[in-house]
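Structure record follows, encoded as structure tokens.
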Amino acid sequence: MLLIDGKAIAEQIKSELKTKVEDYKRRVGKVAGLSVIIVGDNPASQVYVRNKAKSCVEIGMRSEVIELPASVSQADLIEKIGELNRNPDVHGILVQQPLPKHIDEFAVTLAIAPEKDVDGFHPENVGKLCIGRLDDCFVSCTPFGVVELLKRCEIETEGKHCVVVGRSNIVGKPMANLMMQKLKGMNATVTVCHSATPNVAEFTRQADILVAAMGKARFITAEMVKPGAVVIDVGINQIDDPTKKTGKRLVGDVDFDGVSKIASAITPVPGGVGPMTIAMLLANAMKSFERHHGLKPS
Ligand code: GUN
């Protein structure tokens, strides 16, 4: 059984990106810049944003975190995005979600220039992904990270049956799209299951590659998995664990203890898909910088 070490692979990607940052700095005298906007004081968002900024600095990119109060108006937030769109030193813009209830997330996504939308949430980028223009768009970082894990672990996907459980705009939908792509994609046969799918296990048992992204702690049990399947766990759920000092512990959407006994490969939580999300965000910001300056790696 292969334990897919997302943490180590993400570190490898970050080290490759650091070399690129240094190479481009020598060639054009500039480094890529990522601006992250956080609205309000959601503790989980604060941790995510801090980790994104830290990783940027680690690889030598410029990072800026813009903290706005939860009371900020939608108009003021969109005005701030407009400033970043016009700033040539900003190559990537990310507005951390969720946003306060009075702000329309879709209106905010539309305000980000598609060529700086390193989250890959803008409909122009989503549309380009759907029609297979992968070189020409940004892909949502988590599914992009899953594809990179599969490639780097040399897991065969061509002609395989991939079952994605979950249909979110951030993970499930782009994941299914990437897995079915022919060019530079995975060339798999794809099934998507969701909360209205009766008897999910009937589908998951057919998966050669199973991607769990429905946000339910340890939902996928061993009986739902075909022996020898590759299992990718996108879930991050906090559960009570009185044996821990904090009283809590992170688990995925997969029952790791049971499923790891029959899978041929599996990602752990934490240390699987999570670290890849940030690595791919940095990769997207570098791609934006390359497009802006007409650069190719030397
Ligand atoms: N909230 C949870 N995941 C994400 C993400 O990938 N991007 C943004 N902007 N917000 C998130």
Under 3.5 Å: donor-acceptor pair, side chain of [X], backbone of [Y]:
| X | Y | answer |
| --- | --- | --- |
| His102 | Val72 | yes |
| Ser140 | Val171 | no |
| Gln206 | Glu202 | yes |
| Ser73 | Asp76 | yes |
| Asn125 | Phe138 | yes |
| Arg205 | Glu223 | yes |
| Thr109 | Glu105 | yes |

Are [X] and [Y] close enough that some pair of their side-chain heavy atoms sits under 4.5 Å apart?
| X | Y | value |
| --- | --- | --- |
| Met214 | Ser195 | no |
| Met61 | Phe289 | no |
| Val163 | Val211 | no |
| Cys153 | Ile9 | yes |
| Tyr48 | Gln96 | yes |
| Phe144 | Asn284 | yes |
| Leu150 | Ile232 | yes |

Honestly curious: do [X] and [Y] fall in one hydrophobic cluster under the side-chain, below-4.5 Å linking rule?
| X | Y | result |
| --- | --- | --- |
| Val108 | Ile66 | yes |
| Leu129 | Ile131 | no |
| Leu110 | Val95 | no |
| Leu282 | Val147 | yes |
| Val139 | Ile170 | yes |

Out of curiosity, [X] [atom1] to [Y] [atom2], how far, rounded to the nearest 0.5 Å?
| X | Y | atom1 | atom2 | result |
| --- | --- | --- | --- | --- |
| Glu11 | Ser55 | CD | OG | 7.5 Å |
| Asp257 | Arg218 | CG | CZ | 8.0 Å |
| Met179 | Thr189 | CE | OG1 | 10.0 Å |
| Leu134 | Leu178 | CG | CG | 6.5 Å |
| Lys18 | Met286 | NZ | CE | 12.5 Å |
| Thr204 | Asn199 | OG1 | CG | 8.5 Å |

Sequence neighbours excluded, every pair satisfying salt bridge (charged side-chain N to carboxylate O under 4.0 Å, His left out) that has a member inside [range]:
| range | answer |
| --- | --- |
| residues 234-248 | Asp240-Lys248, Asp241-Arg249 |
| residues 123-146 | Glu124-Lys128, Lys128-Asp136, Arg133-Asp136, Asp135-Lys184, Asp136-Arg291 |
| residues 145-165 | Glu16-Arg152, Glu148-Arg152 |
| residues 109-122 | none |

If every non-hydrogen atom of [X] is compared with every non-hydrogen atom of [Y], which pair is closest and at what distance?
| X | Y | answer |
| --- | --- | --- |
| Ala283 | Leu17 | N-CD1, 3.7 Å |
| Cys130 | Asn177 | SG-ND2, 3.4 Å |
| Cys193 | Phe203 | SG-CB, 3.5 Å |
| Ile220 | Ala212 | CG1-CB, 3.9 Å |
| Pro174 | Ser168 | CD-O, 3.8 Å |
| Ala53 | Val65 | CB-CG2, 3.8 Å |

ring-ring contact (aromatic ring centres under 6.0 Å, His included) partners for His292, two or more places apart =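 In terms of ring-ring contact (aromatic ring centres under 6.0 Å, His included), with neighbours along the sequence ignored, His292 is linked to His91.
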Can you sort out the partners of Asp253 under side chain to side chain donor-acceptor pair (under 3.5 Å), two or more places apart, ordered by chain and number?
->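 In terms of side chain to side chain donor-acceptor pair (under 3.5 Å), with neighbours along the sequence ignored, Asp253 is linked to Asn237.
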Pairing residues for Asn169 by the side chain to side chain donor-acceptor pair (under 3.5 Å) criterion, not counting sequence neighbours =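 Per chain and number, Asn169 pairs via side chain to side chain donor-acceptor pair (under 3.5 Å) with Lys173.
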Test log, rule side-chain contact (heavy atoms from CB on, under 4.5 Å), inputs Val254 and Leu210 = CA-CA 10 Å; Val254 175; Leu210 178 59; over 6 Å; no
Qualifying residues under salt bridge (charged side-chain N to carboxylate O under 4.0 Å, His left out), relative to Glu58, sequence neighbours excluded =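 Applying salt bridge (charged side-chain N to carboxylate O under 4.0 Å, His left out) to Glu58 gives Lys14.
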Salt bridge (charged side-chain N to carboxylate O under 4.0 Å, His left out) with Asp208: which residues, sequence neighbours excluded?
->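 Result, salt bridge (charged side-chain N to carboxylate O under 4.0 Å, His left out) vs Asp208: Lys226.
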Distance-only criterion, 3.5 Å: show the donor-acceptor pairs between side-chain atoms of residues 81-88 and protein atoms not counting sequence neighbours.
unit_1, atom_1, unit_2, atom_2, d
Glu83, OE1, Lys80, NZ, 3.0
Asn85, OD1, Ala113, N, 3.1
Asn85, ND2, Ala111, O, 2.8
Arg86, NH1, Gly82, O, 3.4
Asn87, OD1, Asp89, N, 2.9

Tabulate below the donor-acceptor pairs under 3.5 Å that side-chain atoms of residues 262-281 make, not counting sequence neighbours, or state none.
unit_1, atom_1, unit_2, atom_2, d
Ser264, OG, Gly228, O, 2.8
Ser264, OG, Ala229, O, 3.4
Thr267, OG1, Asp233, N, 2.8
Thr277, OG1, Thr142, OG1, 2.9

Contacts under 3.5 angstrom, residues 34-46 side chains, donor-acceptor by atom type, not counting sequence neighbours:
unit_1, atom_1, unit_2, atom_2, d
Ser35, OG, Glu64, OE1, 2.5
Asn42, OD1, Ala44, N, 3.0
Asn42, OD1, Ser45, N, 3.2

Take atom CD in Glu22; do more than 12 heavy atoms of anything else shown fall under 6.0 Å from it?
->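 Above 12, so yes.
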